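Below is one structure, written out as structure tokens; comments come after it.
First the proteins, then the strands, lettered A, B, ... as listed; each starts at 1. On a predicted model such as this, the values are computed, not experimentally measured, just so you know.
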Amino acid sequence: MTAFPYTIHATDGAARCGTLSTSHGDIQTPAFMPVGTAATVKALYMDQVKATGADIILGNTYHLMLRPGAERVKRLGGLHKFSTWQGPMLTDSGGFQVWSLSKLRKMTEEGVKFRSHIDGSEHNLTPERSIEIQSDLLGADISMQLDECTPFGCSEEEARASMELSLRWGARSKQAFGTRDTQALFGIVQGSVFENLRRESAERSIETGYDGYAIGGLAVGEGFEVMCEVLDYTTPHLPTARPRYLMGVGKPIDLVESVARGVDMFDCVLPTRSGRHGQAWSDWGPINIKRAEFVDDDSPLMPELNCPASRDYSKAYLNHLFRSGEYLSAMLLSWHNIAYFQDLTRRMREAIKAGEFAAFRKQFNERWQEGQAQRSGN
RNA sequence: GGAGGGGUGGUCGAGUGGUUAAAGGCACCAGACUGUAAAUCUGGCCGCGAGAGCGUACGUUGGUUCGAAUCCAACCCCCUCCA
């Protein structure tokens with residue numbers, strides 16, 4: 001008996017619409033999870049995040065273990081209370097930092113030794129410690145197995161070795177996690193861009209048995225087409241009854257095309273990071289709000305969106321804020337972006353329920369390409 | 001009236017004979033960002049040209065020199081102090 005029931009309400013092709021029930025609330029899928037690395041979705045209040053329609057957010061083992069420290073978060077009542085986010089919370093295991101901080105870490109069979117990017121101090125992260133931090137100390141609803149995010153461009157041999165390590169770390173993570181009533185553990189499928197490896201990783205992860213299955217090691221440089229191909233031959237090997245989570249993805253088009261291939265959950269820093277960097281997302285792609293064309297543009301980003309940032313502020317004002325280096329620029333653009341991503345998943349859920357996902361996907365692709373053509377024409 | 005300092009590309013500001021179409025910052029024009037070492041990074045930024053290159057440029061005019069933003073003279077303007 002798994003901790004979290006996953007009910008699928010409708011399917012349309014490979015696309016699925018469902019509800020994952022946790023003790024902190026339900027998650028409607030397809031779901032986009034805003035990233036709250038350091039116990040904050042950067043530049044947003046938790047109330048705002050909630051109001052955009054986000055059901056669940058992320059936290060990060062690596063960052064929180066360094067600061068303020070996992071034991072301290074535990075003493076302060078756990079990550080939910082600490083951050084005031086009362087909905088479901090998923091934590092990443094630190095596996096992504098194995099990749100992104102590759103210069104600051106040393107890998108062994110036992111685990112990863114990191115040098116803190118903050119003060120250079122040394123920290124050990126093993127599968128067991130990662131689970132202890134995520135599940136026991138932070139109190140995540142969904143914990144991720146420790147894995148290695150395999151770098152893109154490696155040989156099949158290297159990809160296999162990396163995958164095998166992740167599988168062993170997964171089994172140890174599962175062992176450490178045990179069985180829990182109100183918390184879940186997700187495994188992570190690796191295998192880079194090799195079909196046989198992806199399948200084997202999926203099959204062996206299923207043998208270990210998880211509450212959900214993530215696809216890792218994508219959007220690390222392989223490109224959109226290759227990512228779609230990998231999904232084409234990976235999701236069919238994942239259990240239909242459990243949620244599939246594509247880690248770290250992505251742009252709106254990536255979300256739509258991944259849902260079309262059977263993915264249920266996403267997380268990405270893009271809406272908040274690019275929001276801080278002056279970019280607003282839409283069906284037509286990114287809008288660089290700092291562009292000169294907006295200095296006199298009195299229209300809002302998306303009046304149809306039920307989000308003040310998208311609806312009540314003119315592009316001219318957002319342009320002014322960004323150019324002036326005002327904090328509010330990052331806040332409003334992040335707010336809009338999160339709201340837009342939530343609205344996108346909502347539209348996908350409704351399209352799947354209505355059996356109209358194919359039409360939605362077609363229209364979305366047309367808009368996206370239209371936007372691309374327009375930008376390259378500039 | 002006297003003494004001193006200064007005028008450099010949109011702007012602030014280096015540069016005091018050639019390697020200077022002229023550092024750097026800002027502004028401006030664009031681009032990137034995908035399980036967050038990122039409120040960050042990259043490119044462009046006198047004109048024409050795809051380019052080699054050509055033209056123009058350091059207050060103005062003239063001079064010295066093979067060569068001047070840099071040296072000299074006169075003029076114009078600005079600032080500080082003293083009367």
Side-chain angles (χ1 to χ4, degrees), chain A residues 32-44 56-64 66-67 90-105 114-120 130 134 140 142-150 152 166 186-190 212 214-224 227 245-255 257-258 263 265-279 281 285-295 319 321-334 337 341 375-376 378:
Chain A
F32 180 81
M33 307 185 274
V35 177
T37 304
T40 164
V41 176
K42 293 186 194 295
L44 296 179
I56 173 172
I57 67 169
L58 248 71
N60 194 291
T61 299
Y62 169 79
H63 299 259
L64 294 170
L66 296 185
R67 190 167 58 189
L90 181 150
T91 47
D92 191 21
S93 60
F96 184 70
Q97 279 66 43
V98 172
W99 175 77
S100 67
L101 300 177
S102 58
K103 287 181 193 133
L104 295 174
R105 57 90 171 139
F114 285 108
R115 296 207 75 97
S116 161
H117 70 277
I118 302 165
D119 62 8
S130 182
Q134 296 182 79
I142 300 173
S143 297
M144 300 304 300
Q145 72 152 94
L146 187 65
D147 71 327
E148 179 187 21
C149 180
T150 309
F152 172 68
S166 286
F186 279 23
I188 303 174
V189 172
Q190 290 289 347
I215 300 164
L218 285 181
V220 288
E222 76 283 358
F224 175 73
M227 185 184 83
Y245 161 30
L246 178 54
M247 304 187 79
V249 172
K251 295 177 185 174
I253 188 69
D254 300 331
L255 266 55
E257 287 306 303
S258 301
V263 174
M265 300 166 68
F266 303 89
D267 79 281
C268 192
V269 305
L270 199 58
T272 42
R273 178 182 291 167
S274 65
R276 292 194 303 283
H277 296 169
Q279 214 165 43
W281 289 91
I287 299 163
N288 282 336
I289 203 67
K290 63 183 164 188
R291 287 176 62 100
E293 63 176 295
F294 299 119
V295 292
N319 172 279
L321 290 179
F322 188 84
R323 285 173 185 244
S324 307
E326 289 292 337
Y327 301 131
L328 190 58
S329 163
M331 294 166 72
L332 290 175
L333 288 173
S334 297
N337 283 337
F341 272 62
R375 284 191 299 280
S376 64
N378 276 337

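- Across all strands shown, A:Q190 has heavy atoms under 4.0 Å from base atoms, whether or not it also approaches the sugar-phosphate.
- Atom-to-atom, CE of A:M247 to C1' of B:U36 comes out at 13 Å; the value is rounded to the nearest Å.
- Figure legend. B:G55 is base-paired to B:C46; pairs are counted as Watson-Crick or G-U wobble with both atom distances under 3.5 Å.
- A:I56 has its side chain within reach of A:I142: a pair of non-hydrogen atoms, C-beta onward, lies under 4.5 Å apart.
- With a 4.5 Å cut-off on side-chain heavy atoms, A:S258 and A:M227 count as touching.
- Close to B:G35, at under 4.0 Å from its OP1 or OP2, lies no side-chain N or O of A:N60.
- B:G35 atom P lies 11 Å from atom CE of A:M33, rounded to whole Å.
- For B:A83, there is no paired base (Watson-Crick or G-U wobble, both distances below 3.5 Å).
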Point to revise | Test log, rule side-chain contact (heavy atoms from CB on, under 4.5 Å), inputs A:Q134 and A:Q145 | key: CA-CA 10 Å; A:Q134 296 182 79; A:Q145 72 152 94; over 6 Å; no
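- A donor-acceptor contact shorter than 3.5 Å is absent between the side chain of A:Q190 and the backbone of A:I188.
- Per the geometry, CG belonging to A:L255 stands 12 Å off P belonging to B:G35, to the nearest Å.
- Among all heavy-atom pairs drawn from A:N337 and A:Q279, the shortest one is ND2-O, 2.9 Å.
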Quick one: which protein N/O atoms are closer than 3.5 Å to N/O atoms of nucleotides 24-28 of chain B? Pair and distance per line, please.
{"residue": "B:C28", "atom": "OP1", "partner": "A:R323", "partner atom": "NH1", "Å": "3.3"}

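- Contact annotation for A:I188: base contact, defined as any heavy-atom pair under 4.0 Å involving a base atom.
- Here, B:A21 and B:C58 have their P atoms 14 Å apart, quoted to the whole Å.
- Counting to the nearest Å, the C1' atom of B:C33 and the CZ atom of A:R375 are 14 Å from each other.
- Separating the C1' atom of B:A73 from that of B:G24 is a span of 34 Å, rounded to the nearest Å.
- Rounded to whole Å, atom C1' of B:G31 lies 15 Å from atom CG of A:L270.
- For the C1' atoms, the distance linking B:U65 with B:G18 amounts to 11 Å, nearest Å.
- The base of B:U34 has none of its N or O atoms less than 3.5 Å from a complementary donor or acceptor on the side chain of A:S274.
- Rounding to whole angstrom units, CG of residue A:D267 and C1' of B:U34 are separated by 9 Å.
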**Study point:** Base-contact (B) and sugar-phosphate-only (S) positions in nucleotides 37-46 of chain B, heavy-atom cut-off under 4.0 Å, - elsewhere
**Key:** BBBB------
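- At least one donor-acceptor pair closer than 3.5 Å links the side chain of A:S166 to the backbone N or O of A:E148.
- Base pairing analysis places B:A21 opposite nothing; no Watson-Crick or G-U wobble pair with both distances below 3.5 Å involves it.
- The shortest side-chain heavy-atom distance between A:I57 and A:M33 does not fall under the 4.5 Å cut-off.
- Rounded to whole Å, the C1' atom of B:C33 lies 24 Å from the corresponding atom of B:C26.
- Using a 4.5 Å heavy-atom cutoff, the side chains of A:F114 and A:V98 are in contact.
- B:G10 sits 31 Å from B:A74 when the C1' atoms are compared, rounded to a whole Å.
- Taking atom C1' on both B:G13 and B:U8, the two are 9 Å apart, rounded to the nearest angstrom.
- Nucleic acid contact for A:S116: none, since no nucleic acid atom lies under 4.0 Å from a heavy atom of the residue.
- Take A:F322 and apply the ring pair (Phe, Tyr, Trp, His ring centres under 6.0 Å) test, not counting sequence neighbours, and it matches no residue.
- Rounded to a whole angstrom, the distance from the C1' atom of B:G59 to that of B:C45 is 24 Å.
- Between the side chain of A:N319 and the backbone N or O of A:A292 there is no donor-acceptor pair closer than 3.5 Å.
- Rounded to an integer number of Å, the gap from A:L58 CG to B:U36 P is 7 Å.
- Nucleotides B:G47 and B:A32 are separated by 24 Å at their P atoms, to the nearest Å.
- When only modelled atom types and interatomic distance are considered, A:D267 and A:Y245 share a side-chain donor-acceptor pair under 3.5 Å.
- Per the geometry, CH2 belonging to A:W281 stands 8 Å off P belonging to B:A32, to the nearest Å.
- Base pairing of B:U64 is not made with any nucleotide, judged by Watson-Crick or G-U wobble geometry with both donor-acceptor distances under 3.5 Å.
- Residues A:P286 and A:G59 both approach RNA chain B. Their nearest nucleotides, taken by heavy-atom distance, put A:P286 toward the 5′ side.
- Within the shown strands, nothing qualifies as a pairing partner of B:A38 under the Watson-Crick or G-U definition with both distances less than 3.5 Å.
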